[in-house]
Amino acid sequence: MMIMNNLLNYILLMIMVLISVAFLTLFERKILGYMQLRKGPNKIMFKGLFQPFSDALKLLMKEIFYLSVNMSYLYSPMIMFFLSLILWLVYPWINNFYFIDFSIIYLMLILSFMVYPVMMIGWVSMCNYSILGSLRAVSQMISFEILLFMMFFILMLMIEDYSFLSFSKFQKNVSFMFFLYPLYLIFMVSVLIDLNRVPFDLIEGESELVSGFNLEYFSSLFVLIFLSEYMNIMFISIILTVMFYGFNNWSLYFLLIFMFHLIFLIMIRGVLPRIRYDILMKMCWLELLMLILLYCFLIYLMKEMIMLNY
C-alpha cells in the first residue's frame, strides 16, 4: 500500500511538472516579448493562454522520419527525458512519502549522466553542426560540473550531511545566501552553463551551429528534448532555493524566491549576448576553479578553528 501511494504521488508530481513546463514556455515568451517592447503570444484564447497546447499539438502531429539508421538516434531523447524526470526524486518533501538519505550524491550522479544523451544526440546525427554541438557539450558540461560538484562539497562541509532536508534545518536562522554570497553567485553562473542558457548556450549556438546538437530532431523527439531542458530549469530553480535559502514547505517566502530564480534564468536571455567559447573555457579552468578551491580551503579552515575552540 505504501509503495502504491508513493508511486501515485510521484506520478501526480510529474503531471504537475509537465503542465508547469508548458506554461513556463509561455511565461518565457511573454517576459522576453515585453523586454523587447512587443506583446509575445496573445492570439489563442485569452491573452495567448492556450499557446503552449497549440505548439504541442503542432509538434506532435508532424511527420516522423528517421535521418539516421542508428537506434541511439531514437533512444537518446528518451534517455534525456527520463533522466530529467528521475531528478525530481530528490525533491525535499517535509511531510515526505519517500526519503533519500543521500539525495545530494544522487543529484550529482544524475547530473553527471546528463552529458551522455546530449553527446549521443549530436554523434548519431548525420550533420557536422550537430557533431560540433555535441563536442562543445562534452567539454562544457564536464568542465563546469567540476565547479558544480565542488560547490556541493563546500555546502556538504557546512551542513555535514548528504540530504537536502538538512539544508532547511541548518538555515532556520540565517540563510547561506548571506554568508556564502560569492559562492551563490558562482553557483548561479555554473547553473546557467549547465542548463545551456544564454550567454552560455554555445552547444545550441544559432549564429554559428544553426541549432546545435538537436538540429536533426523534430516532432515528438524534439518535444522530449525541449521538455527535459525546461524541466531542468524548474528543478534547478527549486534546488537553488533549497540550498541557499532553506525550505519551508511551500511557504510564500519559498515561492517568491523560487519565482525570482526562474525569472532570473529567463530574463538573462534577453539581456546578454553569447560569449566566445575560448573565453568560457578560460573562465572555468583559470578563474572560477581557482576561486572555488580557495573558498573550499577557507571553509575547511574555518570549521577546523571552530572545532578547536570547542
Side-chain angles (χ1 to χ4, degrees), residues 13-14 16-35 52 84-85 87-94 103-104 107-108 110-111 114 141 144-145 147-152 154-156 158-159 163-168 170-172 174-201 226-272 288 292:
L13 173 66
M14 287 302 98
M16 293 297 106
V17 167
L18 292 172
I19 293 171
S20 301
V21 165
F23 286 102
L24 178 61
T25 59
L26 176 65
F27 185 58
E28 180 181 33
R29 292 170 71 183
K30 282 283 189 183
I31 287 177
L32 294 175
Y34 283 110
M35 287 178 72
S84 297
L85 283 179
L87 267 178
W88 288 86
L89 283 170
V90 305
Y91 181 84
W93 301 90
I94 294 298
S103 51
I104 301 177
L107 173 63
M108 291 164 65
I110 301 300
L111 285 176
M114 291 294 286
M141 293 174 81
F144 280 88
E145 275 172 8
L147 288 181
L148 211 58
F149 296 162
M150 286 295 292
M151 285 182 278
F152 278 128
I154 290 171
L155 292 171
M156 284 191 288
M158 295 294 293
I159 64 172
S163 171
F164 277 112
L165 283 177
S166 299
F167 283 106
S168 59
F170 199 90
Q171 298 179 81
K172 283 183 179 177
V174 183
S175 297
F176 279 152
M177 199 277 290
F178 294 108
F179 61 93
L180 292 177
Y181 185 69
L183 189 71
Y184 174 64
L185 292 180
I186 298 172
F187 201 94
M188 292 281 272
V189 172
S190 300
V191 159
L192 283 170
I193 294 161
D194 211 47
L195 292 173
N196 309 314
R197 301 291 293 177
V198 174
F200 309 111
D201 61 332
F226 191 77
L227 284 174
S228 64
E229 287 185 355
Y230 277 80
M231 268 197 289
N232 289 345
I233 292 172
M234 289 183 60
F235 176 77
I236 290 295
S237 298
I238 288 178
I239 292 304
L240 264 170
T241 309
V242 171
M243 290 175 67
F244 289 96
Y245 292 88
F247 180 80
N248 193 15
N249 205 14
W250 288 109
S251 65
L252 180 61
Y253 169 75
F254 179 84
L255 287 172
L256 287 174
I257 300 297
F258 166 65
M259 287 304 296
F260 162 73
H261 286 132
L262 208 56
I263 292 169
F264 171 79
L265 292 173
I266 290 170
M267 283 186 68
I268 204 164
R269 182 177 175 183
V271 175
L272 297 176
L288 293 183
I292 289 296

Is the shortest heavy-atom distance from the side chain of [X] to the side chain of [Y] under 4.5 Å?
| X | Y | result |
| --- | --- | --- |
| Phe144 | Leu288 | yes |
| Ile257 | Met177 | no |
| Ile263 | Phe27 | yes |
| Leu107 | Phe235 | yes |
| Ile233 | Ile266 | no |
| Phe187 | Leu180 | no |
| Leu87 | Met231 | no |
| Ile104 | Val90 | no |

- Message: Is the distance from the ring center of His261 to that of Phe244 below 6.0 Å?
- Response: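 No, they do not, as the ring centres are separated by 6.0 Å or more.
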- Task: Answer yes or no: does atom CE of Met267 have more than 12 heavy-atom neighbours from other residues, nucleotides or ligands under 6.0 Å?
- Result: no
- Query: Has Tyr181 got more than 12 heavy atoms of other residues, nucleotides or ligands less than 6.0 Å from its OH?
  - Reply: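 Counting other residues, nucleotides and ligands, OH of Tyr181 stays at 12 neighbours or fewer.
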Hey, could you give me the [atom1]/[atom2] distance between [X] and [Y], rounded to the nearest 0.5 Å?
| X | Y | atom1 | atom2 | value |
| --- | --- | --- | --- | --- |
| Ser166 | Met158 | OG | CE | 13.0 Å |
| Ser163 | Met156 | OG | CE | 11.5 Å |
| Leu265 | Phe260 | CG | CZ | 9.5 Å |
| Leu26 | Ile31 | CG | CD1 | 10.0 Å |
| Ile292 | Ile186 | CD1 | CD1 | 4.0 Å |
| Ile19 | Met16 | CD1 | CE | 4.0 Å |

- Of all heavy-atom pairs linking Leu111 and Glu145, the shortest is O-OE2, 2.8 Å
- Item | Minimum heavy-atom distance Leu32-Gly270, with the two atoms named |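 Shortest heavy-atom contact: CD2-N, 3.7 Å.
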- Message: Check the orientation of Phe167 and Phe176. Use parallel for under 30°, tilted for 30 to 60°, and perpendicular for over 60°.
- Response: perpendicular
- Do the rings of Phe258 and Phe254 sit parallel, tilted or perpendicular, given the 30° and 60° boundaries? parallel
- Task: For Met35 and Val271, run side-chain contact (heavy atoms from CB on, under 4.5 Å): C-alpha distance rounded to whole Å, both residues' side-chain angles, the deciding distance at 0.1 Å, then the answer.
- Result: CA-CA 9 Å; Met35 287 178 72; Val271 175; 3.5 Å; yes
- Message: Applying side-chain contact (heavy atoms from CB on, under 4.5 Å) to Met243 and Tyr184, what does each step give before you reach the verdict?
- Response: CA-CA 9 Å; Met243 290 175 67; Tyr184 174 64; over 6 Å; no
- Passes side-chain contact (heavy atoms from CB on, under 4.5 Å), Asp194 versus Met114? Steps please. CA-CA 10 Å; Asp194 211 47; Met114 291 294 286; over 6 Å; no
- Evaluate the side-chain contact (heavy atoms from CB on, under 4.5 Å) criterion for residues Leu147 and Met151: first the C-alpha distance (whole Å), next the side-chain angles of each, then the deciding distance (0.1 Å), finally the verdict. CA-CA 6 Å; Leu147 288 181; Met151 285 182 278; 4.3 Å; yes
